[in-house]
Protein chains: 2
Amino acid sequence: MKNRPTLADIAEAAGVSLMTVSRVINNKAGVSEDLRQEILGLVTEMGYHPNQIARGLVTSQTTSVGLIVPDNTNPFFAQIARGVEDAAYEHAYSVFLVNTVEDPIRELEALDSLWQKDVDGLIWCSARVSAEELGVQLRRFPAVVLLNRELEVPLSHVMTLNVHDYRGARVAVTHFVGQGRQRIAFLNGPSHSLSAHRRLQGYHAGLTTANLPLDSILEGCCPPDTEGGYEAALALLKRCPDVDAILAFNDLVAVGAMQACQALGRNVPKDIGIIGFDDIPLATIIKPQLTTLHVNLMHIGKIAMRALFDMVEGVTCPAAILIEPELFVRDSA
Amino acid sequence: MKNRPTLADIAEAAGVSLMTVSRVINNKAGVSEDLRQEILGLVTEMGYHPNQIARGLVTSQTTSVGLIVPDNTNPFFAQIARGVEDAAYEHAYSVFLVNTVEDPIRELEALDSLWQKDVDGLIWCSARVSAEELGVQLRRFPAVVLLNRELEVPLSHVMTLNVHDYRGARVAVTHFVGQGRQRIAFLNGPSHSLSAHRRLQGYHAGLTTANLPLDSILEGCCPPDTEGGYEAALALLKRCPDVDAILAFNDLVAVGAMQACQALGRNVPKDIGIIGFDDIPLATIIKPQLTTLHVNLMHIGKIAMRALFDMVEGVTCPAAILIEPELFVRDSA
DNA sequence: AGCCTACTAGTTAGCGCTAACGTAAACTAA
DNA sequence: TTAGTTTACGTTAGCGCTAACTAGTAGGCT
């Protein structure tokens, strides 16, 4: 590896002091235009780039942020990560990606490691720690954006960013009702998930508004993937053969459910309507194309990162953002 | 944000010198067992974690690595990234994720930013820079694993990790031939892709071995996604209605091609067999399930990261690894 | 001339940590 | 005993950079 040039190297080559070069690099006043140009020339010639590590040590700004997700393989988080990275790139920030693999211990270790790396901010998706632990952890970072998690007590350096799950689920149910469907089931996600709770509420609200009875036999829980959806739908259709609509926790579950219906010879959408959540790319790949509650995930990632940047820079920003999902009607309902 | 404790804080609290605490933290000899335990107690009590920034400045080891991918949203790279992150976690390393978005300029900027961050190593997927530029860039990093790219001149601090594309494509063609298929088309990926070249060679070799003629009308190029595959397959079937098998550059293209076939009323696999490449999760989600050349992508990511770690630690390691893809026969061929 | 401002540059200290060396005490060997 | 070795710590310097202060010079004003 080539020895990288330091400020001192440039300073020596230019016959000036360290600080003069530093001022040029950081676009600060106090250097004559001639000298500035001369130094700038040397900088590009010698291929100098500031060592962010050293700079970070003195400024305590590392221009890097942490992104914690359960699993970057999940298209939901992959899209968000992409948005975060894109926005980070706009601001010349770097992103540490960490997976928790839904493991609370690993989640804590992820936080530790990011803290040790002295990140300027943190984007934390689907935090699973207790409210108390959450408080402790949030206090360790200069700025945090919480995705998919709420805060009882607002904190000035923490922003929350959530999808309006309640409304989304209600809209979906209303859409089913509008199609004349009566036995509307809900295949929900993990019980520890906040979104799951809120969507269940929305589902109930939708049924109530339509004067349909709540029936717990129509509600199921499953891991938020296609296998989970498949198994759960199979079980559901076994215990309630008269189901004519399934609202799924997310698109993966919806796809699994769709396959279960097809395996049982039920036509989608004629016999059974299916609505998913998130609108991941898969939604338009499968046949029939999935009707789903569209959320612009990449955009959410960008919003999160930009908000984080604003907080780091000291610009105030809203304590909580709620994203409205939009029903994209395709073929499955 | 709580002021984080430093070595000096611990030292003062323990009434010893900085170095004694440092030795304890780094598990180095030269501290009595009693004192070590006492300090360890203080460390956990005060919640001390070493500042990796400061440590990195003096040791020039940052315990972080860079991962450059074209697009982390692409399941291919998402899987790899997951493997990399998993293995990095094993070694307490952190991963900077950067997308190039297939943009050569952004690729160079990504390299710059990682260099400024002083990463210990780099995992670089599908490098698109010229051979000359590649040499320049590689020289900037202490250790590099190149995925999907080869090196003319081996470098001691660079490892390459490639899928045996040639053999994979040949195996696929042979499989088609074994099913009695005669008009075997190939929907290849971007022409700048090294994999695309090698797969084309393997495709040709497979045909030649089977005494089938090469026919450039059977070969198409497309963007490596479902839309690309759909359009390319549509065009292909229009100009060669007698095609009875399609080898696709990757699974996304294969899925697109499958949808095109279905749109044209061709039955897969009866009328047309389809084989993909990579075995992404989608391969088992769609119907009919995709026959594809399976590559354990997460495993590749792990191998890459572990090799990088070995190189950083000074353990010698192979200059090039070639991964054998394995044909997973499912329903589409 | 004397004083003030404005600009340009240099000097010093220190961010948190570790490598390398220094040192005092205890222990060993004949 | 005396010199040599080991153990257990402390001291110093410096990684590359920037904040904050200092200093020199030119120009303008009374």
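Chain naming here is simple, since letters A, B, ... match the order of the sequence lines and numbering starts at 1 in each. Hydrogens, waters and symmetry mates play no part in the numbers below; they use all other heavy atoms, side chains included.
- Taking atom CD on A/Gln37 and atom P on C/dT8, their separation rounds to 14 Å, with Å as the unit.
- By the 30° and 60° cut-offs, the orientation of the rings of A/Tyr93 relative to A/Phe309 is perpendicular.
- Side-chain N/O atoms of A/Tyr48 include none lying less than 4.0 angstrom from OP1 or OP2 on D/dG16.
- Between B/Trp115 and A/His49, the two ring planes are perpendicular [angle over 60°; tilted spans 30° to 60°].
- In this structure, B/Asp118 places its CG atom 14 Å from P of D/dC15, rounding to the nearest Å.
- For B/Arg55 and C/dG16, the shortest distance from a side-chain N or O to OP1 or OP2 is not below 4.0 Å.
- Between A/Ser17 and C/dT11 there is no side-chain polar atom (N or O) within less than 4.0 angstrom of OP1 or OP2.
- A donor-acceptor contact under 3.5 angstrom links the side-chain atoms of A/Arg23 to the base of C/dG10.
- Each of A/Arg36 and B/Asn26 has a nearest nucleotide on DNA chain C; the 5'-most of these lies closest to A/Arg36.
- In this model, the phosphate group of C/dC7 is not approached by any side-chain N or O of A/Ser32 to a distance below 4.0 Å at OP1 or OP2.
- Distance B/Lys117 NZ to D/dC17 P: 14 Å, rounded to the nearest Å.
- Salt bridge annotation for B/Arg106-B/Asp112: absent, with no cationic side-chain nitrogen under 4.0 angstrom from a carboxylate oxygen.
- Taking 4.0 Å as the cut-off between side-chain N and carboxylate O, A/Asp103 and A/Arg128 do not count as a salt-bridged pair.
- Proximity of B/Asn51 to the phosphate of C/dC15: no side-chain N or O atom is located under 4.0 Å from OP1 or OP2.
- The side chain of B/Val58 lies closest to C/dT18 when the candidates are C/dT18, D/dT18, D/dC17.
- Set against D/dG16, C/dA9, C/dT18, the side chain of A/Leu35 has C/dA9 as its closest nucleotide.
- In this structure, B/Glu12 atom CD and D/dG10 atom P are separated by 14 Å, rounded to whole Å.
- The residue among B/Ile53 and B/Met19 whose nearest nucleotide of DNA chain C is located toward the 5' end is B/Ile53.
- Look at B/Arg306 and B/Asp310 and you find no salt bridge, because none of the NZ, NE, NH1 or NH2 atoms lies under 4.0 Å from a carboxylate O.
- At C/dT18, one or more side-chain N or O atoms of B/Ser22 fall inside 4.0 Å of OP1 or OP2 (strictly under the cut-off).
- Within 4.0 Å (heavy atoms only), A/Leu18 reaches no atom of the nucleic acid at all.
- The phosphate of D/dT18 (OP1 or OP2) has no side-chain N or O of A/Lys28 nearer than 4.0 angstrom.
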